[in-house]
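Below is one structure, written out as structure tokens, with a few remarks after it.
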Number of protein chains: 2
Amino acid sequence: MGFQESFKALSDPTRREILNLLRAGSMSVGEILEHFSITGASLSHHLSILKHAGLIDDEKQGKYMIYTLNTTVLDDILNWMMSLKGGEHHEES
Amino acid sequence: MGFQESFKALSDPTRREILNLLRAGSMSVGEILEHFSITGASLSHHLSILKHAGLIDDEKQGKYMIYTLNTTVLDDILNWMMSLKGGEHHEES
DNA sequence: TAAACATTTAGATAGTTATCTAAATATCTA
DNA sequence: TAGATATTTAGATAACTATCTAAATGTTTA
């Protein structure tokens, strides 16, 4: 769940679109899947990467797995980017 | 020079460290190279990717190539990330 | 102008990753 | 409980990428 994992997770357009979708609210895998032309297996792979990066949380609800956006990790990235722009010193890379 | 190229460029730790270095001011390839344990050829590859992503600019000064941080592209990314956090609608993905 | 220096380009290789199909696991419902 | 539904895991493949060495290009200096 470090910086590197977060950036890698964000570097794929499908995964960024998943995050965009989840802004509207939590969704099951099937609901997310409707917005893409990939198999469920591929989507599951992307969700796994986003989860390990801490960008989404999951919760099993009966037969469905519900995914929710988690924006806390984004703060670290925002912080780093602001420091690039602002010029303040910052350790993480 | 789209969103995708920027994120891909940022997803490599060497490239992020290059950006960190350039916060202190413009540098030649040789100066940047001192901070890494890779060959000049590999560094040149990374610089090329950062340049195509619009994250750095270059300028030839005699026998040296000087690279400079360009933070304008970061604004788009910051905007997108803020919208993920804030929940406002935003098109780019 | 020849040699030295700075950087990039070409070509190769090993590791990573996005995707697929098929199979496994888990849950619900008839 | 058997079958249907939802999601994940396993295994394979093609594409991509970070790195290297070697060679090419461009610039300065002796």
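Throughout, a chain's letter reflects where its sequence line sits, starting with A, and its residues are numbered from 1.
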So Leu33(B), base contact, sugar-phosphate only, or nothing? Heavy-atom distance under 4.0 Å. nothing
Between Leu19(B) and Ile56(B), which heavy-atom pair has the shortest distance, and what is it? CD2-CG2, 3.8 Å
Closest listed nucleotide, where the reference is the side chain of Arg15(B) and the choices are dA18(D), dT27(D), dT19(D): dA18(D)
To the nearest angstrom, the CG-C1' distance between Leu47(B) and dT8(C) comes to 10 Å
Would Leu50(B) end up clustered with Leu78(B) when hydrophobic side chains under 4.5 Å apart are linked, directly or stepwise? yes
Any donor and acceptor pair, going by atom type alone, linking the side chain of Thr71(A) with main-chain N or O of Leu74(A) inside 3.5 Å? no
Go through dT5(D), dA18(C), dT8(D) for me and flag the one nearest to the Lys63(A) side chain. dT5(D)
Ser44(A) side chain, from C-beta outward: closest of dC5(C), dT9(D), dA18(D): dT9(D)
NA contact type, Phe36(B), heavy-atom cut-off 4.0 Å: base, sugar-phosphate, or nothing? nothing
Membership question, hydrophobic clusters at under 4.5 Å side-chain separation (ILVMFWY): are Ile49(B) and Leu22(B) in the same one? no
Shortest non-hydrogen pair, Ile32(A) vs Tyr67(A), comes out as CD1-CB, 4.3 Å
Would you sort out whether Phe7(A) and Arg16(B) count as a side chain to side chain contact (heavy atoms under 4.5 Å, CB included), showing the intermediate values? CA-CA 10 Å; Phe7(A) 271 107; Arg16(B) 287 197 303 280; 3.5 Å; yes
In this structure, how many angstroms lie between the C1' atom of dT7(C) and the CD1 atom of Ile32(B), rounded? 12 Å
The side chain of Val29(A) is closest to which nucleotide in this list: dT8(D), dT27(D), dT19(C)? dT8(D)
Evaluation steps, side chain to side chain contact (heavy atoms under 4.5 Å, CB included), between Ser48(B) and Lys51(B): CA-CA 5 Å; Ser48(B) 165; Lys51(B) 191 190 167 192; 5.8 Å; no
Let me know the distance between CE of Met65(A) and C1' of dT5(D), rounded to the nearest Å. 15 Å
Gln4(A) CD to dA18(D) P, in whole Å, measures 10 Å
Lys60(A) side chain: which of dT8(C), dC5(C), dA26(C) is closest? dA26(C)
Asp57(B): what forms a salt bridge (charged side-chain N to carboxylate O under 4.0 Å, His left out) with it, not counting sequence neighbours? none
Separation of atom NZ in Lys8(B) from atom C1' in dC16(D), rounded to whole Å: 8 Å
Using nucleotides 20-23 of chain C, report all nitrogen or oxygen pairs with the protein that are shorter than 3.5 Å.
from: dC20(C); atom 1: OP2; to: Thr39(A); atom 2: N; distance (Å): 3.0
from: dC20(C); atom 1: OP2; to: Thr39(A); atom 2: OG1; distance (Å): 3.0
from: dC20(C); atom 1: OP2; to: Ser42(A); atom 2: OG; distance (Å): 2.7

Rounded interatomic separation in angstrom, taking CD from Glu31(B) and P from dA6(C): 11 Å
Nearest whole Å is fine: how far is dA18(D) C1' from Glu17(B) CD? 17 Å
Under 4.0 angstrom, heavy atoms only, what part of the nucleic acid is Ser48(A) near: base, sugar-phosphate, or nothing? nothing
Would you kindly give the NE2-to-P distance between His52(B) and dT8(C), to the nearest whole Å? 12 Å
His46(A) side chain, from C-beta outward: closest of dT19(C), dT17(C), dT19(D): dT19(C)
Among the nucleotides dT7(C), dT17(D), dT19(C), which one has an atom lying closest to any side-chain atom of Tyr64(B)? dT7(C)
Is the side chain of His45(A) donor-acceptor paired with the backbone N or O of Ala41(A) at a distance under 3.5 Å, no angle test? no
How bent is the helix from dT1(C)-dA30(D) to dA30(C)-dT1(D), measuring the angle between the end axes built from five pairs each, rounded to 10°? 10°
Do Lys8(B) and Asp12(A) sit within salt-bridge range, that is, some charged N less than 4.0 Å from a carboxylate O? no
